[in-house]
Amino acid sequence: MANLWEKIQEFESKSMSGKFYTVSRNCNTGELGCTCLGWIYNKDKRICVHTLTVENQELRDGSARQSTNKSSTKNTHINTHPSLRKMLI
C-alpha cells in the first residue's frame, strides 16, 4: 500500500532564506511528518516545532481530528510525499 501524504502547511527556514519545510499528514495513519532535520532525526517522538505549530493551530481553529497517533488534520490536497516516504520505509 502506497503512503499518501496530505500537504498541510509550509514554513520558511529562519536560518536559510528561501528554504521551506513542509508539514504533511500520512493519510493512512493520520501522523504528521515534516521535511525539517529536527523531525527527520527525532525518531523517538517524531515531532518538531513545525508539526507542533500545525497541531496547535488546528486545535485553536477547531479543525482537529483524532487519529491513531494523536494528530489532527486540515484538508488541502493529497499527494505522495517522496522525501517522507523514503524516511519512513
Side-chain angles (χ1 to χ4, degrees):
M1 181 195 297
N3 282 325
L4 294 178
W5 290 87
E6 175 184 25
K7 181 178 176 182
I8 305 296
Q9 189 171 346
E10 288 187 328
F11 295 87
E12 187 167 11
S13 171
K14 293 179 181 175
S15 61
M16 294 189 333
S17 181
K19 171 81 174 163
F20 288 85
Y21 302 113
T22 303
V23 174
S24 299
R25 181 177 314 287
N26 184 311
C27 295
N28 298 325
T29 66
E31 181 180 11
L32 289 175
C34 187
T35 58
C36 77
L37 294 178
W39 187 88
I40 292 168
Y41 292 117
N42 190 1
K43 294 184 187 249
D44 293 333
K45 295 187 180 183
R46 285 295 190 194
I47 58 172
C48 66
V49 67
H50 310 110
T51 57
L52 292 173
T53 299
V54 167
E55 287 182 344
N56 287 332
Q57 287 172 346
E58 291 175 344
L59 288 172
R60 277 194 311 269
D61 294 345
S63 61
R65 175 187 71 173
Q66 294 287 24
S67 75
T68 58
N69 293 321
K70 299 180 184 176
S71 298
S72 49
T73 189
K74 186 181 283 186
N75 293 325
T76 53
H77 69 279
I78 294 177
N79 189 329
T80 299
H81 199 299
S83 61
L84 292 175
R85 185 177 68 231
K86 288 178 188 174
M87 290 179 270
L88 296 174
I89 293 177

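When a residue number appears, it is its place in the shown sequence, counting from 1.
Note that OG1 of Thr35 is 6.5 Å distant from NZ of Lys19, once rounded to the nearest 0.5 Å. How far CG of Leu32 is from SG of Cys48: 8.5 Å, rounded to the nearest 0.5 Å. Here CG of Leu4 is found 11.0 Å from OG1 of Thr29. Values are rounded to the nearest 0.5 Å. Atom CG of residue Asn42 and atom CG of residue Leu37 lie 12.0 Å apart, to the nearest 0.5 angstrom. Rounding to the nearest 0.5 Å places OH of Tyr21 at 4.5 Å from CE of Met16.
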Discussion item. Before you tell me yes or no, could you show the steps for Val54 and Phe11 under side-chain contact (heavy atoms from CB on, under 4.5 Å), namely the whole-Å CA-CA distance, both residues' side-chain angles and the distance that decides it to 0.1 Å?
Written reply: CA-CA 10 Å; Val54 167; Phe11 295 87; 3.9 Å; yes
Discussion item. Go through it in stages, so that I can follow the logic: the residues are Trp39 and Arg46, the test is side-chain contact (heavy atoms from CB on, under 4.5 Å), and I'd like the CA-CA distance, side-chain angles, deciding distance and then a yes or no.
Written reply: CA-CA 6 Å; Trp39 187 88; Arg46 285 295 190 194; 3.4 Å; yes
Discussion item. side-chain contact (heavy atoms from CB on, under 4.5 Å), that's the test. Do Ile47 and Glu55 meet it? Break it down for me.
Written reply: CA-CA 10 Å; Ile47 58 172; Glu55 287 182 344; 5.8 Å; no
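Of all non-hydrogen atoms in Ile40 and Cys34, the two that sit nearest each other are CG1-O, 4.2 Å. Of all non-hydrogen atoms in Val49 and Thr53, the two that sit nearest each other are O-OG1, 2.6 Å. Taking every heavy atom of both residues into account, Glu12 and Gly18 meet most closely at OE2-N, 3.0 Å.
Although no hydrogens or angles enter the test, the distance criterion places no donor-acceptor pair under 3.5 Å between the side chain of Gln9 and the main chain of Thr22.
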